[in-house]
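These notes are about the structure you will find just below.
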Amino acid sequence: MIEVEINQRLGDFQLDVGFSGDGGVTALFGPSGSGKSSVIKIIAGLTRLASGRVVVDGTVLADGKGRHVPPYRRRIGVVFQEARLFPHLSVRNNLRYGRLFTPRDQRRVAEEPVIETLGIGHLLDRRPATLSGGEQQRVALGRAMLASPRLLLMDEPLASLDVARRLEILPLIEALRDEFGIPIVYVSHAVEEVARLAGKIVVLEAGRVARQGSPADVFRIAADRFAIMSVVEGRLGAPDDAFHLTPIETPAGIVWLNGLVRPLGRAVRVLVHATDVALATRRPEGVTIRTVLAGTVADIPDGSGPSVTVDVALQGGTRLAASVTRAAVAELGLEPGRQVFALVKSVALDERPL
């Protein structure tokens, strides 16, 4: 459990942020300059808190009354955008450095499982300069984990990596989250990262909390802040081996994924971009789009532009954003309460394990 309340001025920047997390991944999301990294530094103890408080598992680490536990005594692991490995130490000794400040009776994370999960056993005798960016970040993750932290802070850990390396590291962060149960505060301005990893998202704008909640709530309709997208959750059905498709069973209908994804019954999350959703007033026949979800129009915002984002309430309570032209809205007679069918291209869907 983490509780954060921060009210302080940092130069010309005012930071007024409050949020809590009860395990899993809490993401701090927002554009550059919104205060994300400043919050991380205060939680870690790298910046002294002037007003507010930071509490982890019931222990007050900082408050506005003078309480300030030194960073090395907080038992908080930090992973930055740069790996920040010690160049004169081998990978093995970089990993073990994370344990130096952890009392023996509190070393609850064993070395071998972390090395195996991160796939770095073959790197142990090498120096950081001989590693790729993705390999360095794996070692940085391992070093933070082996400190047996009560909380793990990740400040844009994938920002310096190319797409291929990001796709390599993301599943490893998920594995650390799921297998070791250490709460994570994850900082990013990448929608795909926070939607994939986080159970709770705290959106920061100009040093303040603009909104917070589940990925489905935060990204449902946000045309003024983000590329419009929706989050749909369900469980994996039996793959269609003949056509290499996997169904996701949701209350509103079947969402089809390209490729074979297992295991059966696993909870997953997918992102659906509003521009990849079309609407029909009757269930379509004879179309190539496989994913057809039933719902009703919940809202159509006013405006004068050529396009509008229609908020569709799917059966089961999930909300889906669809970007359509105003001409189509008029021709189809779309209005709140009207039954519709949302057509989503399967190629637009991307698996997001919970």
Side-chain angles (χ1 to χ4, degrees), residues 27 29-32 34 163 188-196 201 203-206 210-234 248 250-258 269-352:
F29 175 76
S32 297
S34 59
V163 173
S188 180
H189 61 268
V191 173
E192 290 79 6
E193 288 179 29
V194 298
R196 175 168 183 165
I201 298 175
V203 180
L204 298 185
E205 293 183 0
R211 66 174 71 184
Q212 58 183 301
S214 70
D217 291 335
V218 168
F219 293 128
R220 188 182 72 206
I221 297 291
D224 54 337
R225 293 180 176 87
F226 318 121
I228 305 168
M229 60 185 64
S230 309
V231 177
V232 178
E233 298 179 354
I248 298 178
T250 79
I254 298 296
V255 174
W256 289 97
L257 286 178
N258 281 341
R269 178 187 298 155
V270 294
L271 291 179
V272 181
H273 291 264
T275 52
D276 291 323
V277 180
L279 298 179
T281 54
R282 295 187 298 273
R283 182 175 289 277
E285 298 180 357
V287 295
T288 58
I289 296 177
R290 305 298 298 164
T291 297
V292 179
L293 307 174
T296 58
V297 175
D299 184 43
I300 303 178
D302 294 328
S304 57
S307 298
V308 62
T309 300
V310 178
D311 183 9
V312 178
L314 300 179
Q315 293 178 3
T318 299
R319 304 292 278 269
L320 188 68
S323 182
V324 301
T325 65
R326 291 190 179 277
V329 171
E331 291 172 7
L332 296 177
L334 299 182
E335 59 183 9
R338 178 74 185 268
Q339 183 180 27
V340 293
F341 295 90
L343 287 68
V344 186
K345 296 180 180 179
S346 60
V347 293
L349 299 176
D350 189 9
E351 182 199 1
R352 305 292 176 185

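Each residue takes its place number in the sequence, starting with 1. Since this is a predicted model, take the numbers as computed values, not measurements.
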Q: Could you pull out the closest heavy-atom pair between His189 and Gly30, with the gap in Å?
A: CB-O, 3.0 Å
**Q.** Minimum-distance pair of heavy atoms, taken over all atoms of Pro31 and Ser34
**A.** O-OG, 2.8 Å
Q.
Once rounded to the nearest 0.5 Å, what's the spacing between atom CG of Leu257 and atom CZ of Arg290?
A. 13.5 Å
(Q) Rounded at 0.5 Å granularity, tell me how far CG in Leu314 sits from CZ in Arg319. (A) 9.0 Å
**Q.** Student check: side-chain heavy atoms of Val344 and Ile289 closer than 4.5 Å
**A.** no
**Q.** Donor-acceptor contact below 3.5 Å, side chain Thr291 vs main chain Trp256
**A.** yes
Q: Search all heavy atoms of Gly316 against all heavy atoms of Pro251 and return the closest pair with its distance.
A: CA-CB, 3.6 Å
Q | Shortest non-hydrogen separation from Ala27 to Val194 and the atoms involved | A | CB-CG1, 3.6 Å
(Q) Test your reading of the model: is there a side-chain donor-acceptor pair from Arg211 to the backbone of Val218, 3.5 Å cut-off? (A) yes
Identify every side-chain donor-acceptor pair in residues 327-343 under 3.5 Å, counting partners at least two apart or on other chains, and give the distances.
unit_1	atom_1	unit_2	atom_2	d
Arg338	NH1	Leu332	O	2.9
Arg338	NH1	Gly333	O	3.3

Q | side-chain hydrogen bond (donor to acceptor under 3.5 Å, both in side chains) against Thr281, all qualifying residues, sequence neighbours excluded | A | none
Q: State, with a plain yes or no, whether a side-chain heavy atom of Val292 is found less than 4.5 Å away from one of Pro284.
A: yes
Q.
Are Val308 and Pro301 packed together at the side-chain level, in the sense that at least one heavy-atom pair is separated by less than 4.5 angstrom?
A. yes
**Q.** Closest non-hydrogen atom pair between Arg283 and Ala294, with its separation
**A.** NH2-CB, 4.5 Å
Q) Quick one: are Ile248 and Thr250 in side-chain contact, heavy atoms under 4.5 Å? A) yes
Q. Between CG of Asp311 and OG of Ser230, what distance do you get to the nearest 0.5 Å?
A. 8.0 Å
Q. Of Val277, Ile300, Asp299, which meets side-chain contact (heavy atoms from CB on, under 4.5 Å) against Val310?
A. Ile300
